Amino acid sequence: MPDADRDLIHRYRPAVERSPLPTLLTVTEQHIIRYANPAFCGLPFMPPGVPPAVRFTSLFEGAEALGALLDRVFRDGVTDVATGVALACSGEKPFHGTAIVAPLLGERTRQRGLVVQILDTTEQVTARAREAQAARDLQEANERLLVAGIREQELAERASQSAAELRALLDAMSQGVTVFGATGKVVLVNPAGRAMLGLTSESPTLEDHRRCDFRRPDGAPLDFERDVLSRVMRGEPFAKEDEVLLYLRDGAVRHIVLSGGAVRDAQGRVALAMSLYRDVTQVRELEQVREQCLSFVAHDLRSTMTGAMYAAEIIGMNRGHDPQLLAERIVRSLGRTDEMIRTLVDVQRLRAGHRLPLMLGACDLVAIAREVIDDLASFHDGRVILRGEASVEGTWSAGELRRAIWNLASNALRYGAAGAPVVLTVEKTSGRAAVAVHNEGPPISAEDQARLFAPFVRTRTAVASGQRGWGLGLTFVHGCAEAHGGRVRLESSAERGTTFTLELPLDARPHQQPG
């Protein structure tokens with residue numbers, strides 16, 4: 001290995017070795033692996049051990065799909081992300097992951113190699129596959145029920161019973177369904193279909209469907225009768241689900257997945273046709289937020305690493321700068337990187353259904369809140385005010401509570417009314433303690449409040465503000481409260497502003513899970 005590459009790997013290896021994220025380091029434009037940390041070696045698709053001087057793209061099946069991404073990052077020096085990558089050893093079950101690739105800079109910021117991290121998204125990919133299979137199974141079940149009803153037309157009583165059962169089934173479905181007769185007349189539309197399409201009549205007609213403002217993803221109008229009904233009436237099944245946009249009268253836009261098919265009689269003629277609608281608006285919004293958040297993660301991690309690398313290079317060149325100040329800058333940058341990684345790991349643990357591990361000890365909640373205010377003072381001097389008790393002591397995890405209160409206070413500063421104070425109130429009641437963080441400004445809508453603590457979720461106000469964010473801070477706050485045996489309450493209105501209250505028992509030890 002050339003001395004320059006050896007020195008580069010030696011510089012980055014300690015931080016990468018301690019990282020809980022699967023990470024490896026490559027050098028040269030051939031992407032030769034020089035080091036893989038223990039977390040990477042423990043991935044399901046990894047063979048035992050990592051042979052030295054192996055090209056990344058030949059290490060395991062599926063790695064070649066990342067070749068273009070690695071080449072682009074090495075050439076352009078810009079961090080990039082690839083999602084939904086399937087990786088595996090020969091004959092093993094595929095492992096799905098998100099790859100984050102960042103440049104590895106040597107002396108004078110010369111491009112020397114790459115930092116490659118793999119995040120496990122197997123569970124999410126598997127869940128989407130299960131949802132798609134469930135939708136196909138439900139559609140097949142509906143077709144079988146319709147066929148059974150047609151074959152028993154000569155038995156009026158049984159036909160009536162089957163129709164009632166079918167209507168009950170369709171009424172209970174979350175997927176929208178319109179059933180058409182042999183002449184194209186609308187036989188029925190289930191409640192989910194009426195709500196999804198914005199139809200107010202209990203018995204919608206074909207004309208009501210024609211008035212629905214369907215458009216293709218590129219904005220081109222879609223004619224319902226020509227592009228949907230005529231297909232199902234010809235008995236042409238939708239080979240692939242078509243996603244379209246539906247513009248409602250109130251200005252809302254829904255992402256709708258269209259599918260359909262026909263039921264034939266004994267002579268092969270179309271007796272009934274079905275058009276199905278599945279609302280995937282929330283899924284598309286969450287996907288967009290997730291991709292934005294992953295981009296923010298990659299950008300923020302690279303920014304903190306760049307700051308530390310620059311300070312280290314200045315020290316190495318010995319150009320007369322104060323080494324103490326530069327060392328402090330390195331420590332701050334690496335500390336911020338460590339905090340980002342800890343947040344990602346903690347949220348992944350919470351999504352897997354586990355509680356946060358806590359290191360409990362005696363601490364003062366007022367002192368913790370004061371530390372948070374001191375940290376924020378360098379950016380928001382005087383805006384954060386501390387009120388309440390002089391001291392509130394208990395048995396908690398000071399580090400986790402400091403991170404939780406910092407998240408709440410920084411959010412209040414970021415999204416509250418500009419220039420208005422943020423008030424932290426620490427109080428003690430019988431057997432419990434509470435930290436309330438209050439800010440003035442636009443309220444959080446009821447719809448956003450219902451999903452605010454989920455991972456990668458940001459309010460519409462936060463997104464519209466243009467402020468960067470991962471959508472993970474409140475997920476951590478909620479998990480921190482539960483791990484202590486407490487909870488988080490939210491009150492928000494235009495008149496009173498927004499208040500997040502973190503409530504805790506004075507002693508968190510009885511609430512820890514054994515083992």
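For clarity, every value in this text was computed on a predicted model and none was experimentally measured.
Using a 4.5 Å heavy-atom threshold, the side chains of Leu245 and Leu222 count as separate. Here the side chains of Ile256 and Glu243 are not in contact, with every heavy-atom distance at 4.5 Å or above. Using a 4.5 Å heavy-atom cutoff, the side chains of Ile100 and Val116 are not in contact. When side chains are defined from C-beta on, Leu401 does not count as touching Val435, because their heavy atoms never get closer than 4.5 Å. Residues Arg254 and Met196 meet the side-chain proximity criterion, which asks for heavy atoms closer than 4.5 Å. For the pair Phe500/Leu474, a side-chain contact is recorded, criterion being any heavy-atom separation below 4.5 Å from C-beta on. Between Leu25 and Val115, the closest side-chain pair of non-hydrogen atoms falls below 4.5 Å. Proximity of Phe40 to Gln117: side-chain heavy atoms (C-beta onward) are nowhere separated by under 4.5 Å.
The line from CG of Leu114 to CG of Leu104 is 7.5 Å long, rounded to the nearest 0.5 Å. One distance of note links OG of Ser397 with CG of Leu360; it measures 6.5 Å at 0.5 Å rounding. The distance from atom OH of Tyr415 to atom CG of Asn439, rounded to the nearest 0.5 Å, is 11.5 Å. For the atom pair CG of Asn37 and OH of Tyr12, the computed distance is 15.5 Å after rounding to the nearest 0.5 Å. Here the CG atom belonging to Asn407 is positioned 9.5 Å from the OG1 atom belonging to Thr475, to the nearest 0.5 angstrom. Note: Ile385 CD1 to Leu424 CG = 10.0 Å, rounded to the nearest 0.5 Å.
Leu386 approaches Ala369 most closely through the heavy-atom pair CD1-CB, 4.0 Å. Here the shortest heavy-atom pairing between Leu502 and Ala481 reads CD1-CB, 3.5 Å. For the pair Ala404 and Val477, the tightest heavy-atom approach, listed with the atom from each and the gap, is O-CG2, 3.6 Å. Considering every non-hydrogen atom in both Cys480 and His484, the closest pair reads O-ND1, 2.9 Å. Listed here is the closest heavy atom pair of Pro442 and Thr498: O-OG1, 4.1 Å. For the pair Val244 and Arg215, the tightest heavy-atom approach, listed with the atom from each and the gap, is CB-O, 3.4 Å.
Listed by chain and residue number, Thr28 satisfy the side chain to side chain donor-acceptor pair (under 3.5 Å) test with Gln30 (two or more places apart in sequence, or in another chain). Pro38 is linked by a side-chain contact (heavy atoms from CB on, under 4.5 Å) to Glu17, Tyr35, counting only residues two or more places apart in sequence or in another chain. In this structure, Arg75 has no side chain to side chain donor-acceptor pair (under 3.5 Å) partners at least two apart in sequence or on a different chain. For Thr499, the side-chain contact (heavy atoms from CB on, under 4.5 Å) test picks out Ala436, His438, Thr501, with sequence neighbours left out. Taking the salt bridge (Lys or Arg N to Asp or Glu O under 4.0 Å) definition, one finds that Arg487 meets it with Glu503, sequence neighbours left out. Listed by chain and residue number, nothing satisfies the side chain to side chain donor-acceptor pair (under 3.5 Å) test with Arg55 (two or more places apart in sequence, or in another chain). When the side-chain contact (heavy atoms from CB on, under 4.5 Å) test is applied to Ala398, the partners found at least two apart in sequence or on another chain are Cys363, Ile368, Arg402. Residues that satisfy the side chain to side chain donor-acceptor pair (under 3.5 Å) test with Arg72, not counting sequence neighbours, are Asp80. For the salt bridge (Lys or Arg N to Asp or Glu O under 4.0 Å) test, residues two or more places apart in sequence or in another chain that qualify with Arg216 are Asp227. Residues that satisfy the salt bridge (Lys or Arg N to Asp or Glu O under 4.0 Å) test with Asp76, not counting sequence neighbours, are absent from this structure. With sequence neighbours excluded, the residues satisfying side-chain contact (heavy atoms from CB on, under 4.5 Å) with Ala252 are Leu248, Asp250.
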Assess the residue pair Leu66 and Thr57 against the criterion (side-chain contact (heavy atoms from CB on, under 4.5 Å)); give the C-alpha distance rounded to whole Å, side-chain angles, the decisive distance to 0.1 Å, and a yes or no. CA-CA 7 Å; Leu66 297 174; Thr57 52; 6.0 Å; no

Would Gln449 and Ile444 satisfy side-chain contact (heavy atoms from CB on, under 4.5 Å), going step by step from the backbone distance to the final call? CA-CA 6 Å; Gln449 290 186 39; Ile444 300 174; 3.6 Å; yes

Decide yes or no on side-chain contact (heavy atoms from CB on, under 4.5 Å) for Leu376 and Trp406, but give the supporting numbers first. CA-CA 8 Å; Leu376 294 171; Trp406 188 92; 3.4 Å; yes

Could you please spell out the steps behind the side-chain contact (heavy atoms from CB on, under 4.5 Å) verdict for Val437 and Val423? CA-CA 6 Å; Val437 180; Val423 180; over 6 Å; no

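With hydrogens and angles disregarded, a donor-acceptor distance shorter than 3.5 Å links the side chain of Arg383 to the backbone of Ala420. Here the side chain of Glu482 pairs no donor or acceptor atom with the backbone of His478 at under 3.5 angstrom. Using a distance-only test at 3.5 Å, with no hydrogens or angles considered, no donor-acceptor pair links the side chain of Thr79 to the main chain of Ala102.
A 6.0 Å sphere centred on CD of Glu29 holds no more than 12 heavy atoms belonging to other residues, nucleotides or ligands.
Ring orientation note: the planes of Phe74 and His31 are nearly perpendicular, at an angle over 60° on the 30°/60° scale.
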